[in-house]
2 protein chains.
Amino acid sequence: MLSKKTKYGLKALSYLALQKDRQPVPIAEIAKHENISQKFLESILLTLRKTGILGSKKGKGGGYYLIKAPKEILMTDVMRILEGPIAMVPCVSLNFYEKCEDCPNEGTCSVHKLMLQVRDSTLEIYRNNTLADIVK
Amino acid sequence: MLSKKTKYGLKALSYLALQKDRQPVPIAEIAKHENISQKFLESILLTLRKTGILGSKKGKGGGYYLIKAPKEILMTDVMRILEGPIAMVPCVSLNFYEKCEDCPNEGTCSVHKLMLQVRDSTLEIYRNNTLADIVK
DNA sequence: TGCCTACTCTATTAAATCCATAGGGTAATA
DNA sequence: TATTACCCTATGGATTTAATAGAGTAGGCA
């Protein structure tokens, strides 16, 4: 299942992508428009800022804004930041690889074989979608 | 993440698929060979039996066995039984559809749009893989 | 300067899920 | 009839998720 964190994060990014200009948008406005708990959203936007997706401005007229153009923001990056590894098992993860303790041989493991295919096809989707694509 | 339940279930099915004949295999044997907690495996095999994937035989010489040939067992079925919905959000699920409370319009929802693609590509993988394919 | 706004951080908690274990009961076969 | 192996219930620890609360900090503008 997709976590609410990821879901809310994607919705917030989409909302920002739909702004006419790149002026900062207050958290409260995003939270209200997308039906998200403001405090929860705060922590999500913070992560997105720290990882270079968003910028922020404090004080009156402040808020969050996209640093790059929507078509430059890849879903692979966003999903990894918000949801974590794309692979369903660590032994097929590109960025978070870990060996399975219980599995003597990855080469002959049926789970490994299946999950490798799932990872590849999912990755393909994320690579072919930018923020601009999903708000269209 | 893939649950251990699914992982163990797939491993058990693979082990059964690799048997020469279709004689019942005791839980203890599967558990030992695949490094799985026997009691936990019991509940998993039980589910697989109740949903028509496995058959069982009690008493001496008993155990679990595949009801159909490995190439007749689709991963779509197995994954839905063990892991649940294939979709990452209920609003794009074929078999477990639910409307999102917080989402006013699915047609314009960016999360919906992205997750629909992910579901389709994942489903494609599961449809193209039988138990026979993943043990090869 | 001083106040207001909005971001930032820490801590806590309720709820849900996952994984595993334990123990006893029941059915079938040699 | 005794053994083997399936079947069922329930319990609990661990982890994660989602949300809430409250205090603190920094920037903008009068």
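Convention: sequence-line order gives letters A, B, ...; per-chain numbering from 1.
The separation between A:L46 atom CG and D:dG24 atom P is 19 Å, rounded to whole Å. Regarding B:Y64, its OH atom lies at a distance of 14 Å from the C1' atom of D:dT4, rounded to whole Å.
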Scan nucleotides 10-16 of chain D against the protein and return all N/O pairs shorter than 3.5 Å with their distances rounded to 0.1 Å.
none

Extract from the structure each pairing of a protein N or O with an N or O of nucleotides 25-27 of chain C at less than 3.5 Å, listing the distance.
residue, atom, partner, partner atom, Å
C:dA27, O4', B:K58, NZ, 3.4

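The side chain to side chain donor-acceptor pair (under 3.5 Å) check on A:S110 picks up B:S14, with sequence neighbours excluded. Taking B:Y64 as the reference, nothing meets the ring-ring contact (aromatic ring centres under 6.0 Å, His included) condition, with sequence neighbours excluded. By the ring-ring contact (aromatic ring centres under 6.0 Å, His included) test, B:F40 is found to be paired with B:Y8, residues two or more places apart in sequence or in another chain being considered. Contacts of A:F96 classified as ring-ring contact (aromatic ring centres under 6.0 Å, His included), with partners at least two apart in sequence or in another chain: none. When the ring-ring contact (aromatic ring centres under 6.0 Å, His included) test is applied to B:Y15, the partners found at least two apart in sequence or on another chain are B:H33.
Within the structure, the salt bridge (charged side-chain N to carboxylate O under 4.0 Å, His left out) test picks out no pair touching residues 16-27 of chain B (sequence neighbours left out). Residue pairs meeting the salt bridge (charged side-chain N to carboxylate O under 4.0 Å, His left out) criterion with at least one partner in residues 106-135 of chain B, sequence neighbours excluded, are B:D133-B:K136. Applying the ring pair (Phe, Tyr, Trp, His ring centres under 6.0 Å) definition to pairs two or more places apart or across chains, none involves residues 70-89 of chain A.
Near DNA chain D, meaning a heavy atom under 4.0 Å away, the residues from residues 27-44 of chain A are A:S37, A:K39, A:F40. Of the residues in residues 1-21 of chain B, B:S3, B:K4, B:K5, B:Y8 come within less than 4.0 Å of DNA chain C through at least one heavy atom, sorted by number.
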